[in-house]
Protein chains: 2
Amino acid sequence: MTIGEAAERAGVSAKRIRHYEAAGLLGRAQRSYAGYRLYNEADVERVRFIGRARHVGFSIPQIRHLLSLWDDRSRPAQDVRRLALAHWHALDTQISELQTLADTLARLIEHCQGDERPDCPILAALAGGDPILSGTTPVGGPPRPAMDNPPERSRNLRPEPLE
Amino acid sequence: MTIGEAAERAGVSAKRIRHYEAAGLLGRAQRSYAGYRLYNEADVERVRFIGRARHVGFSIPQIRHLLSLWDDRSRPAQDVRRLALAHWHALDTQISELQTLADTLARLIEHCQGDERPDCPILAALAGGDPILSGTTPVGGPPRPAMDNPPERSRNLRPEPLE
DNA sequence: GCTTGACCTTCCCACCCGGGCAAGGTTCAC
DNA sequence: GTGAACCTTGCCCGGGTGGGAAGGTCAAGC
């Protein structure tokens, strides 16, 4: 099959398949006489693997690594687990940082009346040395303003630490 | 003062100041006879404002907007609040998505023994139609594996909804 | 056989926010 | 005058993908 069909069946764009090939995730595809890329079932499976791995946030280099482990039938599961765990920790760190940002911002918004008057604590904090931007959280945790529909986010889902 | 000194006083790199100027956040700087950019206290303040806004995650276009509100002495605080709130919601969405990813990954890791055997559920899930990747969380919430040092992350810090 | 439209090819640009480096000019102290 | 430390502009790089241009190919219909 040609790239369009392979792309559709793997659930990615043709462009991405070419990109993955260029990135060395796929190896050079078979070519028709006219130069069209040709794929088989196994190729589609591999692209699907890549797509799923991207979907859970693995980077291209990480997927390269995952694929090498996948290709090596004798690899220990430990190796895969380690890679996934590292990725999880990176995700967790990123989430923490974003959360800190969001909390800071929430504090700023909290202090802003948001009325017609021009005095805005948000701008003031960005402009001057308002300590609210220093990230010092009051004892007892940050304030918890009312919210219409809390998303019920799942936290504390944590794999075991690295061995 | 020249760009190096201004950069140091504003807490950003000289490169970033030039970048902000090119992005239209700063207006064309005064120039010395030789073409050096020259700054005054007000310029440094403005750069500091930009730096702080970047620090809490505002994008360049958003900061452009914030600056226009800052420059407009008669702007209602409401406008600023709205912008900050939109940014907060974007952050919150991003955090949610990352959290979903991390949870999925955690479930995968959970199911992987991580021993010397080559059967790895993580690879299996990425390769095949393992429903674990579909994101269906079991009733009662996702499993909560033991963790050495939970970061005590602050959640539920939520500003009021948009009016 | 020819046209048409859908597909394929490669290559370049764009995003975002800078870091890093190069080649060259300027300033200041010694 | 000379060297160090600054400044200038400009280009390439990252990550992962979309968009588009310019051109070749294939299959169906006339």
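What you see is a predicted model, and the numbers here were worked out from it, not measured in a lab. Just so we're on the same page: letters track the sequence lines, and every chain starts at 1.
When the shell of 6.0 Å around CD of B/Glu45 is examined, it contains more than 12 heavy atoms from other residues, nucleotides or ligands. Heavy-atom neighbours of B/Glu5 CD from other residues, nucleotides or ligands within 6.0 Å: above the threshold of 12. Within 6.0 Å of CZ in B/Arg28 there are 12 or fewer heavy atoms belonging to other residues, nucleotides or ligands.
Rounded to whole Å, the distance from CG on B/Leu25 to C1' on C/dC16 is 13 Å. Put simply, CZ on A/Arg31 is 13 Å from P on D/dT25, counting in whole angstrom units. Taking atom CE of residue B/Met1 and atom P of nucleotide D/dA5, one finds them 22 Å apart after rounding to whole Å. As a whole-Å value, the separation of B/Glu21 CD from C/dC17 P is 17 Å. D/dG16 atom P lies 19 Å from atom CZ of A/Arg18, rounded to whole Å. If you measure from atom NE2 of A/His19 to atom P of C/dT10, you get 15 Å, rounded to the nearest angstrom. Atom CD1 of B/Ile50 and atom P of C/dC17 are 12 Å apart (whole Å). For A/Lys15 and D/dG15, the NZ to P distance is 19 Å, given to the nearest whole Å.
Side-chain atoms of A/Ile3 lie closest to C/dC8 of the nucleotides D/dG18, C/dC8, D/dC6.
With A/Glu21 as reference, A/Arg37 is the one residue of A/Arg37, A/Arg16, A/Lys15 to meet the salt bridge (charged side-chain N to carboxylate O under 4.0 Å, His left out) rule.
With DNA chain D read from its 5' end, the first of the two nearest nucleotides for A/Arg16 and A/Ala34 is the one closest to A/Arg16. Both B/Ile60 and B/Tyr33 lie close to DNA chain C; mapped to their nearest nucleotides by heavy-atom distance, the more 5′-ward contact belongs to B/Ile60. Each of A/Leu38 and B/Pro61 was assigned the nucleotide of DNA chain C with the nearest heavy atom; the assignment lying further toward the 5' end belongs to A/Leu38.
When heavy atoms are screened at a 4.0 angstrom cut-off, A/Arg37 is found touching the sugar-phosphate backbone but no base atom. No engagement by A/Ser32 is indicated, since no non-hydrogen atom pair under 4.0 Å with the nucleic acid exists. Among the protein residues, B/Ser59 comes within range of the sugar-phosphate backbone only, with heavy atoms under 4.0 Å from sugar or phosphate atoms but none that close to a base. Across all strands, A/Arg54 comes closer than 4.0 Å only to sugar-phosphate atoms, never to a base (heavy-atom distances).
Side-chain to base pairing of A/Tyr20 with D/dG16: no donor and acceptor N or O lie closer than 3.5 Å to each other.
For B/Thr2 and D/dC7, the shortest distance from a side-chain N or O to OP1 or OP2 is below 4.0 Å.
The same ILVMFWY cluster, assembled from side-chain heavy atoms under 4.5 Å apart, contains both A/Met1 and A/Phe49.
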